[in-house]
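Contents: one structure, followed by commentary.
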Amino acid sequence: MRLTPALLSALYSSAALLGQVRADEEAEDVSSTSVAESSTSSSIEKPTFTPSNIKAPFFEQFTDDWDSRWAPSHAKKEDSKTTEEWAYVGTWAVEEPSVFKAIEGDKGLVVKNPAAHHAISAKFDEAIDSKGKTLVVQYEVKLQNGLECGGAYMKLLKDNKALHADEFSNASPYVIMFGPDKCGATNKVHFIFKHKNPKTGEYEEKHLKSAPMARIVKTTSLYTLIVNPDQTFVINVDGEEMKKGSLLEDFTPAVNPEKEIDDPKDTKPEDWVDEARIPDPDATKPEDWDEDAPYEIIDEEATKPYDWLEDEPATIPDPEAEKPEDWDDEEDGDWIPPRVPNPKCEEASGCGKWEKPTKKNPEYKGKWTADYIDNPAYKGVWAPKKIANPDYFEDKTPANFEPMGAIGFEIWTMQSDILFDNIYIGHSIEDAEKLKAETWDVKHKIETAEEEASKPQLDDTPKSPMDLKFMEDPVHYVREKLDLFITIAKGDPVQAIKFMPEVAGAIGTVVALALALVIGVLTRSSASPPPQVKKAAENIKKSAADAKDQIVDAAASGSEKVQSEVNKRTTRSSGPAE
């Protein structure tokens, strides 16, 4: 008997599994204990909210007097695409977060209704004028229920005498719109500003091109917009720079129109040739070019395969098909069984009448066409001539936004409990960074820890070996099954074999292989072994055979018992509820 690599590998693996059962179990116990101790010993300390002493043209932390500054709208939402009027029925509240609360007593403005229009605004004590100054807009957004479809952006409203909170709506003129918006494939951080045409006096929205993606998480996100006097801007999300550019270059439509435009009166001349290449007019089809030659022809050299069953049909009536009980020959006609592929054909090259196959025609050339050449009359691509743009203007300082008199949230969302907090609108990047350190940095650390702690932990409690699945972890599956078998066998070997016949069968196979290996080695160690060795070998072989028969009998009995239990569970679970 040869010691093949596969046999040696199987024996070695079985022995290794037997030896590692207890060692791995002890290691897992130590690991489970350490994980449990670390999870129970970790505690998250939460500070108590203290209002910041930062000053700004507008700064809001939604303290107890918040309702003296903010007022919900009762206006109708105007929609040019429909004649219907939409009322802002969504309610607002100022409350602490219900998800991953980080600071005790820290409240924010919360959207309370899903699938509703919401509008609320707060007027500034004085209009904010950014001419010649840096403008910083920063606020926190907490999507406590996520965001599948809806907005969480703010609007900085144009300062005017008609600005009344009760009438705030989507039609209210704004200067800047900034913040996250997501619905379907749309997921972006809006930055839109309205620009006044100095010639016509009309306003036009300028949309940021390639806007960064919003962060759809349940922890607090911090959105920061910085517009500098040099017409550049920066958008940060959670303190990380996500987009920077220029108001003059990165918005559509562009702030300034083109200096020249196509002459609308210019038309292409009738004799203008704009075909760069044409078929060669001097080319002629070769005399031997046969356009009618077929693409494929019969392969005359092919011969019928020796095993082709010409007398066998490709399909036969299904021998297992039975005429339906409700079939009426008088009404339905003679019943004909369905046909299935002839099994004899699967073992041969084919069945039925043999015909020579086709092959590609070496003479095939297809339809003849002349080669293309450069067109000698080609004049190039025609384009209308340029003229000066009568509507041209140049605004070099679009960052000099018009004065802003209020802030408003005017949104529609399918998710409730969107929370806004720590709104800063001013001119100091340093103060915005200081506010971030006082608020978002503290929240982020605690919320991230809470989110991590709330994630489903791996169940370190050992599963019952009967609940394990081989494909999830084959080694762990074998080890646990083997360990359970040994534990049961210590008390009652027969019960172990009946309860876990698959393990008993595997052990029996390994034992039989080991015994056969020993016998083979002893047999080949000497051409004529002593009589006592022969007798011992025969006894071992007989014992191995008897053990194998017992294991097989026990395995069959155990399988029947297990199947009986499975049938009982299946019958009970599939029956009507009581």
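Please read all numbers here as calculations on a predicted model, not as lab measurements. Residue numbers count from 1 along this sequence.
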Side-chain atoms of residues 230-238: list all donor-acceptor pairs with protein atoms under 3.5 Å, sequence neighbours left out, distances to 0.1 Å.
from, atom 1, to, atom 2, distance (Å)
Asp230, OD1, Thr232, N, 3.1
Asp230, OD1, Thr232, OG1, 2.6
Gln231, OE1, Ala399, N, 2.8
Gln231, NE2, Pro229, O, 2.7
Thr232, OG1, Asn228, ND2, 3.1
Asp238, OD1, Leu222, N, 2.7
Asp238, OD2, Arg215, NH1, 3.0

Going by the salt bridge (charged side-chain N to carboxylate O under 4.0 Å, His left out) test, which pairs reach into residues 423-434, not counting sequence neighbours? none
When you compare the side chain of Thr134 with that of Val227, does any pair of heavy atoms fall below 4.5 Å? no
Hey, can you tell me if Phe193 and His195 have their rings parallel, tilted or perpendicular (30° and 60° cut-offs)? perpendicular
Is the shortest side-chain N to carboxylate O distance from Lys46 to Glu450 below 4.0 Å? yes
Just to verify, what does Lys188 make a salt bridge (charged side-chain N to carboxylate O under 4.0 Å, His left out) with, not counting sequence neighbours? none
Would you check, one step at a time, whether the test side-chain hydrogen bond (donor to acceptor under 3.5 Å, both in side chains) holds for Glu140 with Thr439? CA-CA 9 Å; Glu140 294 174 357; Thr439 57; 3.3 Å; yes
Salt bridge flag under 4.0 Å for residues Glu104 and Lys101: yes
Return each pair, listed once, that meets ring pair (Phe, Tyr, Trp, His ring centres under 6.0 Å) where at least one residue sits in residues 139-160; pairs must be two or more places apart or across chains. Tyr153-His190
Applying salt bridge (charged side-chain N to carboxylate O under 4.0 Å, His left out), name anything that partners Lys158, two or more places apart in sequence or on another chain. Glu402
Salt bridge (charged side-chain N to carboxylate O under 4.0 Å, His left out) with Glu275: which residues, sequence neighbours excluded? none
Residue pairs, two or more places apart or on separate chains, that pass ring pair (Phe, Tyr, Trp, His ring centres under 6.0 Å) and touch residues 90-111: Trp92-His118
List for me each residue that meets side-chain contact (heavy atoms from CB on, under 4.5 Å) alongside Cys183, sequence neighbours excluded, and say none if there are none. Cys149
Please tell me if the side chains of Lys386 and Asp263 come closer than 4.5 Å, counting only heavy atoms from C-beta onward. no
With side chains defined as the heavy atoms from C-beta onward, is the minimum distance between Arg277 and Asp374 less than 4.5 Å? yes
Ile176 and Leu225, any side-chain heavy atoms less than 4.5 Å apart: yes
Could you list the donor-acceptor pairs under 3.5 angstrom formed between side-chain atoms of residues 264-272 and any protein atom two or more places apart in sequence or on another chain?
from, atom 1, to, atom 2, distance (Å)
Asp266, OD2, Lys385, N, 2.8
Lys268, NZ, Asp274, OD2, 3.0
Trp272, NE1, Gly380, O, 3.0

With sequence neighbours excluded, tell me which residues meet ring pair (Phe, Tyr, Trp, His ring centres under 6.0 Å) with Tyr174. none
Residues that Asp65 engages under salt bridge (charged side-chain N to carboxylate O under 4.0 Å, His left out), provided they are two or more places apart: Arg69
Glu60 side chain near Ile425 side chain, heavy-atom distance below 4.5 Å: no
Any side-chain heavy atom of Phe191 sitting closer than 4.5 Å to one from Phe251? yes
Tyr88 side chain near Ile120 side chain, heavy-atom distance below 4.5 Å: no
N-O pairing of Asp421 and Lys107 below 4.0 Å: no
Quick one: sort the Tyr223 and Phe178 rings into parallel, tilted or perpendicular, breaks at 30° and 60°. perpendicular
Is Lys196 close to Lys194 at the side-chain level, that is, under 4.5 Å between some pair of heavy atoms? no
Name all residues meeting the side-chain contact (heavy atoms from CB on, under 4.5 Å) criterion together with Tyr378; count only those two or more places apart in sequence or in a different chain, and write none if there are none. Ala276, Asn375, Val381
